[in-house]
Amino acid sequence: MAIIETRGLSKVYTLGKKRQVVALNDVTLNIQEGEIFGILGPNGSGKTTSLKLLLGIIFPTAGEIAIMGENQFSIAAKKNIGFLPENPYYYDYLTGPEILKFYGKLFDIPSSTIADRTEELLNLVGLYNARNLALKHYSKGMLERIGLATSLINDPKILILDEPTTGLDPIGCKETRDLLIKLNKSGKTILLSSHFLSEVERVCTRIAIFHRGYLLTTGTLTGLLEEYQAENLEDLFVKAIEKFDTAEQK
Amino acid sequence: MKKAWVIALNTFQESLRKKTFYVLLVVALVVIGASRFFSFLAAEDELKMIKDVGFASIEFFGALIAIFTALTAVSGEIEKRTIYPLLSKPIKRSHFIIGKLTGQTLVIFLNFVFMSLFFIVLLLIKKSPPDINIFKALILIFIELVLIGTITLTVATFATEAFNLIFSFFLYVVGHLISYGSQILERVENTLLQRLGKAFYSILPNYENFNIKDKVVVGVSVSWKYVGTNVLYGILYMVIALLIGIYFFNKREV
């Protein structure tokens, strides 16, 4: 069953009076319940735009989105989503437990449940010992971890993560990967965007490759490697992009 | 609405961490306190001076705090990108704007209470306990400050911070000159120009409606009817401004 669906999704930004930039072009995508779906693409390919559209932060120029059968602005749909933005920035005067409480309240979670989940999540992301520290004293990696914790405060069915390992050291990256797999096994559908191919290769059950706002291809890694006669994901990525650029030049 | 309150408390907490709030409050208290040192004047004139400076300072510094708090309420969230995780949560955009407005109103109220209490203490020291008219003037000043904040927040939903800063101060000045402007318009012979001018003035908030301090200082009593009517005028203006703000923010790309 598709838990996230987009149909003909497009986003055009108008810059100034005449200039238009197509950030996303006619993207139709289905993300199945229980999978880890990776959106791959170089910078400016439309990855973050897609996620912002799914979350109702920006508005599509054309097309439709359905999240658990509801549109992207639906409160009911958003209750089931956890989101980690790229380079997360939170209210830096708050401590870890305070930021979790703030977001928890926005989900109407009872205070006692927030308190329980806070302790659990801070331990999960390894920030329990830094619980009294204001976020302004956090390192980039710590911000990424607290971001992950805030995205889990509502125990979401869908986790949307934009570049979740940016700023993490190799050990942090591995811990995050392991955590994502664990969360997926517990029943969460995960949609992540990344330009770290190795990360995607290790955790994703299906991938989509974006380039210049176009969805080039989508499928399982093995299926796509076969289709593009590629040796690995890096090779597949390059071939998919080259194929698109060559077709466009013609 | 519970979610708007969560956002309001966070906005309040955030504003109290900004140095601007304390700097303006301290300067305001110093200015109000300085009015006490006109002891070379006759006792009656000194009291008048304290009231004059007190009311003017509460209004002016209150307006500065209202403008600066509202100015960054929306743009600050966008610039720092704290808006992304916020809008991904199950909240309506209207909750965000109502929360921001409530939060900044709490800031304005706190600042207003500090300044007003200081002013009243000064009057008590001068053995002139405040009468009911002093409180009527303070009520109207508070409504004016909240209105200034609301309009600045509304403009913040669709305009840049720089434009909003200039516009808010322009409106603050023009809003206090509407009565003079209307008088000048009466003398304009061109009817089209007169109509346009009247339409322009009827759209703008008339901040002079909230100004009864000149009367109160010289001991003229102001009716509750006048106070009530203008409180309602202020609230109505705020509701309209808020709805416009929500409308624009519902359409805004962040």
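Just so it is clear, the values below take in all heavy atoms, side chains as well, and ignore hydrogens, waters and symmetry mates. We name chains A, B, ... by the order of the sequence lines, and we start the count at 1 in each one.
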Which atoms form the tightest heavy-atom contact between A/Y90 and B/P85, and what is the distance? CE2-CG, 3.7 Å
For A/G56 against B/R93, the heavy-atom pair lying closest together: O-NH2, 3.6 Å
Sort A/L94 into side chain, backbone, both or neither according to what part of it lies under 4.5 angstrom from a heavy atom of chain B. side chain
Would you give the length of the straight line joining atom CD of A/E98 to atom CD of B/Q13, rounded to the nearest 0.5 angstrom? 6.0 Å
Hey, are A/K52 and B/Y84 close enough side-chain-wise for a donor-acceptor pair under 3.5 Å? yes
Inspect the surroundings of NZ in A/K157 and state if more than 12 heavy atoms from other residues, nucleotides or ligands are less than 6.0 Å away. no
A/K78 side chain to B/L87 main-chain N or O, any donor-acceptor pair under 3.5 Å? yes
Please report the shortest heavy-atom distance between A/I58 and B/E253, naming the atom on each side. CB-OE1, 2.8 Å
Which region of B/R252, side chain (C-beta onward) or backbone (N, CA, C, O), has a non-hydrogen atom less than 4.5 Å from a non-hydrogen atom of chain A, or is it both or neither? backbone
Just how far is it from atom OG of B/S88 to atom CG of A/L84, taken to the nearest 0.5 Å? 10.0 Å
Side chain, backbone, both or neither: which part of B/K3 has a non-hydrogen atom closer than 4.5 Å to chain A? both
Using 0.5 Å steps for rounding, measure from the CZ atom of A/F73 to the NZ atom of B/K92. 13.5 Å
Would one find more than 12 heavy atoms of other residues, nucleotides or ligands at under 6.0 Å from atom CZ of B/F114? no
Top residue by heavy-atom pair count (under 4.5 Å) with chain A, among B/I83, B/N10, B/L86, B/V6? B/N10
Heavy-atom distances under 4.5 Å only: say whether B/R81 touches chain A with side chain, backbone, both or neither. both
NE2-CG distance between B/H95 and A/L106, expressed to the nearest 0.5 angstrom: 10.5 Å
Checked A/Y93, A/Y13, A/Y103 vs chain B; the most non-hydrogen pairs under 4.5 Å come from A/Y93
Where on A/K101 is there a heavy atom nearer than 4.5 Å to chain B: the side chain, the backbone, both, or neither? neither
Measuring from A/Y91:OH to B/K80:NZ, what's the distance to the nearest 0.5 Å? 9.5 Å
With a cut-off of 6.0 Å (strictly less than), are more than 12 heavy atoms of other residues, nucleotides or ligands near CZ of B/F21? yes
Min side-chain heavy-atom separation B/N250-A/F59 under 4.5 Å: no
Just give me the residue among A/D92, A/I81, A/D108 that pairs up with chain B most often, heavy atom to heavy atom, under 4.5 Å. A/D108
Rounded to the nearest 0.5 Å, how far does OG1 of A/T150 lie from NZ of B/K89? 5.5 Å
